[in-house]
Amino acid sequence: MAIGYACLVLGVSGTQMKSCLLKEACEEKLMDITHRNLVALDRIIDYNIHNNIRLFRISSDLVPFGSSPINHTEWWKHFDGLLKAIGRKIKDSGMRVSMHPGQYTVLNAEKPDVVARAVADLAYHARVLDSLCLDATHKIVLHIGGAYQDKEAAMDRFAENWRRLDENIKRRLIIENDDKLFNIRDVYDLGTRLNIPVVFDNLHHEVNPCDGERDEFVWIERCRSTWREQDGRQKIHYSQQAKQKKKGYHSDTIEIDRFMAFYKALNRDDIDIMLEVKDKNLSCVKCINCTAGDLNFDVLEMEWDRYKFSILERAPVLYDEIDRMIGERAGLTPPDFYKLIQRGLESKGDIESHTEAVLMVWDCINREATEKEWQAFHKRLERFRQQQTGLGAVKGFLRKLAEKYALEHLLNSYYFFL
DNA sequence: CACCGTCAAGTCGCA
DNA sequence: TGCGACTTGACGGTG
């Protein structure tokens with residue numbers, strides 16, 4: 001069983017995907033961005049390995065305009081060594097990766113040119129995974145596409161276009177229920193008809209349920225049979241509805257009690273769960289820690305080290321409480337710990353608590369800083385306290401110093417982006 | 001540094 | 001018939 005997250009890591013420098021505008025795309029720029037993105041991917045994989053994360057979705061932005069005729073760089077040849085090295089790390093660590101083309105990749109479109117572009121896009125995604133030398137358990141997840149006022153005909157068109165795909169795309173392609181048109185029954189029917197594994201997405205199912213059977217676990221069990229030996233473990237998508245947002249909107253973070261209830265009811269150790277949530281790796285680490293049977297308390301201590309500045313910034317009283325509990329090393333289960341963290345993050349704090357956190361971070365920098373930096377810091381802090389600048393300006397300054405002096409402890413914390 | 005409009009792509013629904 | 005939402009982050013220009 002693995003729990004994963006999609007596309008980007010929060011709080012790890014050098015892991016962001018770069019993009020460029022179409023009008024500025026030239027060979028040199030495309031190659032440069034592709035190279036930087038591959039280096040970023042390599043760092044993400046390292047991060048995943050170090051944090052015991054064994055499921056990850058690679059961003060489609062890896063190669064800018066990767067499926068557009070604008071990009072005629074042969075990136076897979078040029079970066080062959082780097083790609084193979086990354087793929088090697090993925091395999092050696094037992095990680096499983098996937099990709100997920102977006103809403104513009106419509107295999108069942110009525111217009112032949114739209115279909116042609118969708119095929120080209122799938123070929124691009126398959127080429128990424130092929131270039132990493134990964135087997136067919138590393139999948140490409142796709143939605144069925146448009147309905148065009150006739151779902152049956154639209155599904156038939158999907159089937160027809162699917163049959164014409166190259167085998168190396170077909171062996172990776174899996175399909176998922178969406179939040180508007182094709183519910184889990186539609187996708188399951190199509191999946192069984194074509195022998196394509198089906199990904200069940202719980203939030204899409206909630207927003208776009210099918211007739212008849214509604215129970216999500218029944219559907220997960222049904223979808224299980226669409227996964228063959230060569231496809232690897234069954235995979236599902238899990239997300240929670242953001243409160244006070246439109247239906248289907250992903251929450252900022254995973255509410256741990258609800259996840260644990262789902263996880264226990266699911267009761268499967270042969271399934272992969274891809275989380276779709278705004279805080280990405282943060283919720284992923286949280287869910288992994290809460291489901292690990294033999295969690296070392298050191299892991300919670302590590303997490304506290306990453307969260308503590310953000311908690312002090314917002315809720316100093318709670319900070320003391322959690323810090324004491326962590327110090328005592330007892331009576332704190334991972335879900336309880338994360339619930340306290342969540343409560344802290346939901347607070348706003350005030351200028352005093354903001355200052356307290358700033359000073360605590362400064363304390364980590366102080367011994368490295370020059371006299372000039374000391375002065376610059378206190379000048380900024382004073383301006384913040386007079387409300388002449390925002391907290392962001394002070395934190396930005398601290399971040400730069402943390403980077404300058406390579407203070408890993410601060411750079412690995414969540415302080416600068418939570 | 002903060003803010004905001006814009007960006008490759010397709011479909012659907014509403015005015 | 002045409003335009004905004006979808007969903008989302010990053011870029012690039014401006015203040």
Side-chain angles (χ1 to χ4, degrees), chain A residues 5-11 13-26 29-30 32-34 36-37 40 44 57-72 100-125 141-151 153-155 157-158 161 176 178-182 201 203-204 207-208 237 239 241-242 245-252 276-281 376 379-380 383-384 387-401 416-417:
Chain A
Y5 67 101
C7 302
L8 63 133
V9 192
L10 297 182
S13 56
T15 60
Q16 285 181 334
M17 293 290 138
K18 295 246 173 280
S19 61
C20 75
L21 301 179
L22 184 60
K23 60 184 175 194
E24 278 149 11
C26 60
K29 194 155 187 174
L30 291 171
D32 178 53
I33 292 176
T34 303
R36 292 164 68 150
N37 287 350
I44 292 173
R57 180 190 301 163
I58 297 174
S59 168
S60 297
D61 296 337
L62 187 68
V63 179
F65 306 107
S67 65
S68 161
I70 277 278
N71 187 341
H72 41 76
H100 191 4
Q103 59 193 318
Y104 300 113
T105 306
V106 187
L107 187 60
N108 76 341
E110 288 177 312
K111 297 178 196 156
D113 57 318
V114 174
V115 177
R117 280 194 288 274
V119 173
D121 199 40
L122 290 172
Y124 153 66
H125 284 86
V141 185
L142 193 66
H143 292 292
I144 305 302
Y148 312 89
Q149 349 316 324
D150 186 346
K151 262 165 76 166
M155 282 162 75
R157 210 160 42 244
F158 182 97
N161 294 337
E176 180 197 350
D178 67 68
D179 59 351
K180 285 211 171 59
L181 304 168
F182 296 96
D201 182 303
L203 187 58
H204 291 162
V207 174
N208 179 28
H237 288 177
S239 56
Q241 170 69 47
K245 291 263 177 72
K246 285 200 186 87
K247 276 190 149 198
Y249 204 94
H250 294 151
S251 63
D252 289 341
E276 294 182 319
V277 58
K278 286 248 182 65
D279 71 357
K280 305 288 180 185
N281 49 313
K379 205 166 143 194
R380 268 159 216 269
R383 275 217 303 274
F384 165 66
Q387 300 192 29
Q388 286 161 358
T389 59
L391 180 58
V394 186
K395 287 173 78 165
F397 179 76
L398 291 176
R399 183 182 187 161
K400 252 192 262 166
L401 288 181
F416 295 116
F417 62 93

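In what follows, chains are A, B, ... by sequence order, proteins preceding strands, each numbered from 1.
With DNA chain C read from its 5' end, the first of the two nearest nucleotides for A/Leu8 and A/Gln103 is the one closest to A/Gln103. Each of A/Asp113 and A/Gly396 was matched to the nucleotide of DNA chain B holding its nearest heavy atom; the match closer to the 5' end belongs to A/Gly396.
The side chain to side chain donor-acceptor pair (under 3.5 Å) check on A/Arg157 picks up nothing, with sequence neighbours excluded. Qualifying salt bridge (Lys or Arg N to Asp or Glu O under 4.0 Å) partners for A/Lys180, counting only residues two or more places apart in sequence or in other chains: none. A/Asp179 meets the side-chain contact (heavy atoms from CB on, under 4.5 Å) test with A/His204, A/Val207; sequence neighbours excluded. Residues passing the side-chain contact (heavy atoms from CB on, under 4.5 Å) test with A/Glu24, sequence neighbours excluded: A/Leu21, A/Lys29. Residues that satisfy the side-chain contact (heavy atoms from CB on, under 4.5 Å) test with A/Gln388, not counting sequence neighbours, are A/Arg383, A/Gln386. With sequence neighbours excluded, the residues satisfying side-chain contact (heavy atoms from CB on, under 4.5 Å) with A/Val114 are A/Val106, A/Ala109, A/Lys111, A/Arg117. By the salt bridge (Lys or Arg N to Asp or Glu O under 4.0 Å) test, A/Asp279 pairs with no residue at all, sequence neighbours left out.
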List the atom pairs, donor and acceptor, that lie under 3.5 Å between side-chain atoms in residues 60-71 of chain A and the rest of the protein, sequence neighbours left out.
unit_1  : atom_1 : unit_2   : atom_2 : d
A/Ser60 : OG     : A/His125 : NE2    : 2.8
A/Ser67 : OG     : A/Asp121 : OD1    : 2.8
A/Ser68 : OG     : A/Ile70  : N      : 3.0
A/Asn71 : OD1    : A/Thr73  : N      : 3.0
A/Asn71 : OD1    : A/Thr73  : OG1    : 2.7
A/Asn71 : ND2    : A/Pro64  : O      : 2.8

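Scanning DNA chain C 5' to 3' for nucleotides with an atom closer than 4.0 angstrom to a non-hydrogen atom of chain A gives a first and last hit of C/dC6 to C/dG12.
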> Based on Watson-Crick and G-U pairs with both distances under 3.5 Å, what dot-bracket line describes DNA chain C 5' to 3', crossing pairs as [ ] and inter-strand pairs as |?
Replying inline: ||||||..|||||||
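Taking the C1' atoms as reference points, C/dC6 lies 24 Å from B/dC3, given to the whole Å. Taking atom C1' in both C/dG4 and C/dT8, the straight-line distance is 16 Å, to the nearest Å. Separating the P atom of B/dC4 from that of C/dT7 is a span of 22 Å, rounded to the nearest Å. B/dA8 sits 14 Å from C/dG13 when the P atoms are compared, rounded to a whole Å.
With rounding to the nearest 0.5 angstrom, the CD atom of A/Gln103 is 11.0 Å from the CG atom of A/Asp178. Distance check: A/Lys280 NZ to A/Leu8 CG gives 5.0 Å after rounding to the nearest 0.5 Å. Distance check: A/Asn208 CG to A/Lys247 NZ gives 10.0 Å after rounding to the nearest 0.5 Å. With rounding to the nearest 0.5 angstrom, the OG1 atom of A/Thr105 is 7.0 Å from the CG atom of A/Leu142. Distance check: A/Phe417 CZ to A/Lys395 NZ gives 10.0 Å after rounding to the nearest 0.5 Å.
Surrounding CD of A/Gln16 are at most 12 heavy atoms belonging to other residues, nucleotides or ligands under 6.0 Å away.
At the heavy-atom level, A/Ala147 lies under 4.0 Å from the strands shown only through sugar-phosphate atoms. Using a 4.0 Å heavy-atom distance criterion, A/Lys280 is classed as making no nucleic acid contact.
Taking atom CZ of A/Phe158 as the reference point, atom P of B/dT11 lies 14 Å away to the nearest angstrom. Computed from coordinates, the A/Gln388 CD to B/dA2 P distance equals 16 Å when rounded to whole Å. A straight line from CZ of A/Arg380 to P of B/dC1 spans 8 Å, rounded to a whole angstrom.
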Would you tabulate the nitrogen or oxygen pairs shorter than 3.5 Å linking the protein to nucleotides 13-15 of chain B?
none

N/O-N/O pairs, protein side and nucleotides 4-9 of chain B side, under 3.5 Å:
unit_1 : atom_1 : unit_2  : atom_2 : d
B/dA8  : OP1    : A/Leu22 : N      : 2.5

